[in-house]
Amino acid sequence: MANNENRGFTSNIGAILAAAGGAVGLGNIWRFPYMLGNNGGGAFLLVYVFFVLLIGIPLMMTEFIIGRRSQKNAIGAYRTLSPKHKGWMIIGIFNIIGATLIYAFYSVVAGWTLNYVVLACGNKLSGQSPEAVAQLFANFTQSSCWPLFFQLMFLIITAGVIALGVQKGIEKMSKILMPALFILLILMCVRSLTLGDGVREGMNFLFKPDFSKIDGSCLLSALGQSFFSLSIGMGAMVTYGSYIRKEDKLFNSSLWIAGCDSMVAILAGIVIFPAVFAFGMSPASGPELVYIVLPNVFNSMPGGAIFAIIFFLLLAIAALTSTISLLEILVATAVEELHWKRRTASIVGTVLVFTIGAFCTLSFGPLKDFHICGFTIFDLFDRLTASYLMPIGALAMTIFLGWFFPKAEVRDELSNGGSLKAKAFDIYYFILRYVAPIALIIILISGIIG
Ligand code: PHE
């Protein structure tokens, strides 16, 4: 990365797939279904889609603008765009802390997916009673040693990709993994929709909103989920934005990325809920939903052993493209700000995250009863980042770009130096200045007092 000519993505499609890869992840296939299951089904989906359209897409554009304009990492971007008021760099520092915390707990669940790929390939999940499947999950997550091993494996694979660089690592992997993910997901959908019994109930649960379920907690969870899923407010899209070519259209790219991301979440819902209802499981099973409920579902369906392999592979691929983006936030900053070598930065970042992440893993085992503010370390990191750090980071960013940074420069970046008409600019700018910050403040306050 010392070589600035080769700094970024080589094509528009490469950029879209890489950023979509960063966005699409465990957030869509693991977190979204259980959040939806816990927060009232269709009503949650509706609020979620509303937030993606109203705030998510404009904020993704905002991150891309900041990244591409500055050609810098999460911290350097603010230093470059605001050379006189260096205090804005605090947003970047906040992003780096948040990204580290997310990566720490995210890698725990990513490690689980590897273990489940191995179990599914060894046909170890088939023919087990529901109790045995639940016991298997409990034994595994509480055992410390194996979860730590798989977590470390995942971190090492990610570091390997990042060490290869933006073009040979991130872009190349995304071009292979993202199409693979879509194919596997479509296969799973076809299977789920042909299950017969639970299809109607599952689809109703997912798509029929019960408006009485929309309350403060539903709003905050849906907002947090949309930020988490689109990777907003953590500097991920600032970093990737800095790799997008000057001639690419930021608005169109954001639409594609957010579209892909929401589609994967909805498709994951279509895979999971019909199956859950068909086999009489509970949609509100929490974080264990895909690890306990789904293996049972696979056990009761014809061809389940194969579909278990497909599903967990899908989950691992989705997780990998996201962990790549998480590590890149840290590595790009270390390379550009501290002038470290990419390899060194990947290793140091990985060691740091593993050190913190190990506590998240252990919070399912030996540290299960260790609570901070009523949460285990894992839950605390999850909640702290998605419900608070990401919205606060995003709020600070909207204030920077909407109120501090010159409007003409924002327009210039979005319209590629005036060569695009950028018809929606005024709407975007209005959302940036007013709608997004006000919505964020209201929801944050209601979340804190509620
Ligand atoms: N968006 C990713 C997911 O849905 C998670 C993520 C959050 C990645 C923030 C990078 C930054 O899984």
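Every number for a ligand or one of its atoms is a count from 1 in the order of the listing. Note that this is a predicted model, so its numbers are computed, not measured.
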*Asks:* Distances under 3.5 Å, N/O of ligand 1 against N/O of the protein: list each pair and its distance.
*Replies:*
| unit_1 | atom_1 | unit_2 | atom_2 | d |
| --- | --- | --- | --- | --- |
| ligand 1 | 1 (N) | Gly22 | O | 3.4 |
| ligand 1 | 1 (N) | Ala23 | O | 2.9 |
| ligand 1 | 1 (N) | Phe228 | O | 2.7 |
| ligand 1 | 1 (N) | Ser229 | O | 3.0 |
| ligand 1 | 1 (N) | Ser231 | OG | 2.9 |
| ligand 1 | 4 (O) | Ala23 | O | 2.9 |
| ligand 1 | 4 (O) | Gly27 | N | 3.4 |
| ligand 1 | 4 (O) | Asn28 | OD1 | 3.3 |
| ligand 1 | 12 (O) | Leu26 | N | 3.2 |
| ligand 1 | 12 (O) | Gly27 | N | 2.8 |
| ligand 1 | 12 (O) | Tyr106 | OH | 2.4 |

*Asks:* Side chains of Tyr240 and Ser231: is there a donor and an acceptor less than 3.5 Å apart?
*Replies:* no

*Asks:* Does a side chain donor of either Gln71 or Thr80 reach within less than 3.5 Å of an acceptor in the other side chain?
*Replies:* no

*Asks:* With Thr361, which residues qualify under side chain to side chain contact (heavy atoms under 4.5 Å, CB included), at least two apart?
*Replies:*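 Thr361 satisfies side chain to side chain contact (heavy atoms under 4.5 Å, CB included) with Val108, Pro147, Leu148, Gln151 once adjacent residues are dropped.
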
*Asks:* With sequence neighbours excluded, tell me which residues meet side chain to side chain contact (heavy atoms under 4.5 Å, CB included) with His371.
*Replies:* Thr376

*Asks:* Could you work out, with ring-ring contact (aromatic ring centres under 6.0 Å, His included) as the rule, every residue matching Tyr103, not counting sequence neighbours?
*Replies:* none

*Asks:* Quiz question: by atom type and distance under 3.5 Å, do the side chains of Asn416 and Arg68 form a donor-acceptor pair?
*Replies:* yes

